[in-house]
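Report on the following structure.
Side-chain atoms are counted along with the backbone in the values below, which use heavy atoms only and exclude waters and symmetry mates.
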Amino acid sequence: MFFKYEQKRYRQELSQYFNDEEITAIINQALIDLKNRNITGVLIVPLAYLVGGFATDYASQHQFLYSFLGTLLVIAMMLRTVTIRSFSKNTDSENSVRIPVFFWSNLLVAVVWGLFSGTAVLFYHDSLSITLIIILLAGISGGSIASYCIWKLLCYSYLLTILLPAVVVEFYVGNSVTIPVGVAISFFLVFNLVQAKLWYKHYWASIINTFLVKKNALELSKLNTKLTNEIADHKETAKKIAISRKKLEDIYNSAHDGILIFALNGEVIDTNNTMLEMFDVSRDTALQFNIHHCFDSKSNRDIDLQSIWHKALDGKDQEFRWNTYIQNDDSISTVQVNLRKSLWGEDYIIIATIRDITLQVEAMEATIAANHAKSEFLANMSHELRTPMHGVLGYARLGMKRSETLPREKLNEYFFIIRESGLRLMRMLNNVLDFSKLEVGKMRYNMNRNDLLPRIHQVITEFTPNADEKNLHFALDCQQNKVVTYCDHEKISQVLRNLLFNAVKFSYEDTTITISCHETTDHNGGQLQLFSVSNVGVLIPEKELNIIFEKFIQSSATNTGAGSTGLGLAISKQIILDHKGKIWAENGSENTVTFSFSLPMAENDI
């Protein structure tokens, strides 16, 4: 077969011109060619069989024979497909199983075609259907030359097995139609055999030529790469690249700072955009700067800049703080300056990096404030948890010890205190859980058109016992019989509870808490419901009216260090924002503090 004869012979011939690695590459390319030439046949051969069978009535008049041959054809094509896939995954030419399977599966395809064409000619020799059979035979046999020219034995066997049965039947029938057809097919067979021999003769030459073209292209690419590298290594080019690379590295290392490049005489020779933006100057203005102008700075009399500059010229890195004006700001800002001597090519320069540490200080203050808020939140959480927990545990312990001697009224009082402490814990935990959901965007809303007036009455009823402890009174000011808005009424009730909780907690005794609601419009004409909760108590400092809605934040006027978690107003704000509404706080006359929020009345206003 191919790998026992052709390959061995060609290996011997190729060894005169190529090494083992190159020979293996050529053989593998031949295998890939063999696989690619057979891919199309996997589809064309069964299709031609179907066309021939149904066009000549072979499939309907000779069902058993047609099905039997078709089954053989399917088996052969499956084996052929498996081996083609094997060729794609592995080009190991020494595989002893794959090659015979490929050979015999293709030969089985030829046998099926030979039997099909021979019996078809026998059954339909006196009809025009014989023309179709001849066309199919010509196509399949001609295609075999292209498919198997790499494998001479298989190619010859395939041609003879396909065409000889038809030739024998033509001469066997022996009428005026079949004999000329048999002669034509015989000539066609001889022609194909000769053609296969010629194709086989020149095939390996074409494979070698293709390999040589690729090899020469690879060698040419290597020569081009070598030539490019030699050009890149030119002395002057290398010098310029080194200077450019050094500039880019130095600027990159200080990309977030303003950068000035000084010549050793103190003149600026380059700067970056950060520097221009920091001082709001043009590049031309910056390039006219000379560090000697700053030696006698009135704002920095305690800094000996001249001495610092000379130390930098001696190669000693310098770092100092400098007071200056930034971006036309009337106030003086503090910047941190670093000076470093560096070599650019054959010239020394001084690199000055300038950083505005005013922003750094503000960021540090913000971090401290955030940490303080969180620490305060944890302290308040600890207090809020401990106080009701003490109530639960303490009165539960008293009830257990004295349950048999205490009157029922006293036990009911204990149970009431335990229940109130539990509700306080539940309210606090619900706030924490709701805030966690709001922060990660997992809060779900059930939006509908609702009348909130019954909800307002319900919330007022809930807080009446707490208000009675401070002799507080509730006043409801709603002009309409219905307070209609498009919202999730449970979440808006939660907002009302948070606002009433704060109002009750921070109101003076013997005062009135007023809840009002009325309709209004926004600047686009959309209808809104405006809600307000007003109480008389400690005023909120004006500068804190906006930040009290932030998480963990409480007003300094009401924050005792153990007040609450600082989440109620933050939760309320997020709920109102999710409803496309607005919430705010304001101080009024006579120690009146008012929290207000507005909600759209219709769905299309959301």
Audit row: Val536, Glu590, side-chain contact (heavy atoms from CB on, under 4.5 Å) steps and yes/no
CA-CA 8 Å; Val536 179; Glu590 299 180 356; over 6 Å; no
Could you go through His579 and Tyr445, starting from their C-alpha distance and side-chain angles, then the distance that decides it, and tell me whether this counts as ring-ring contact (aromatic ring centres under 6.0 Å, His included)?
CA-CA 9 Å; His579 281 72; Tyr445 294 95; 5.2 Å; yes
Evaluation steps, side-chain contact (heavy atoms from CB on, under 4.5 Å), between Ile571 and Gln494:
CA-CA 9 Å; Ile571 292 172; Gln494 183 178 355; 3.8 Å; yes
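For the atom pair Cys294 SG and Ile308 CD1, the distance stands at 11.5 Å (nearest 0.5 Å). For the atom pair CD1 of Ile351 and CG of Leu339, the computed distance is 10.5 Å after rounding to the nearest 0.5 Å. Here CZ of Phe279 is found 9.0 Å from OG of Ser333. Values are rounded to the nearest 0.5 Å. The line from CG of Leu528 to CG of Leu599 is 8.5 Å long, rounded to the nearest 0.5 Å. Remark: Leu452 CG to Cys517 SG distance equals 8.5 Å, nearest 0.5 Å. Rounding to the nearest 0.5 angstrom, the gap separating the CG atom in Asp578 from the NZ atom in Lys573 is 11.5 Å.
Heavy-atom neighbours of Asp296 CG from other residues, nucleotides or ligands within 6.0 Å: at or below the threshold of 12. More than 12 heavy atoms of other shown residues, nucleotides or ligands fall within 6.0 angstrom of atom CZ in Phe320.
Counting only distance, with no hydrogens or angles, the side chain of Thr485 and the backbone of Pro600 share a donor-acceptor pair below 3.5 Å. Under a 3.5 Å cut-off, the side chain of Asp270 and the backbone N or O of Ile261 do not form any donor-acceptor pair. Between the side chain of Lys341 and the backbone N or O of Ala312 there is no donor-acceptor pair closer than 3.5 Å. Side-chain atoms of Asn498 come within 3.5 Å of backbone N or O of Gly568 as a donor-acceptor pair. Proximity of a side-chain donor or acceptor of Asp522 to a complementary backbone N or O of Asn524 within less than 3.5 Å is detected.
Note on Asp451 versus Lys482: no salt bridge recorded, every NZ/NE/NH1/NH2 to OD/OE distance being 4.0 Å or above.
Aromatic ring pairs are classed by plane angle as parallel below 30°, tilted from 30° to 60° and perpendicular above 60°; the pair Phe549 and Phe595 is perpendicular.
Asn446 and Asp488 are not linked by any side-chain donor-acceptor pair at a separation below 3.5 angstrom, with hydrogens and angles left out of the test.
Nearest heavy-atom pair across Val483 and Cys478 is CG2-SG, 4.3 Å.
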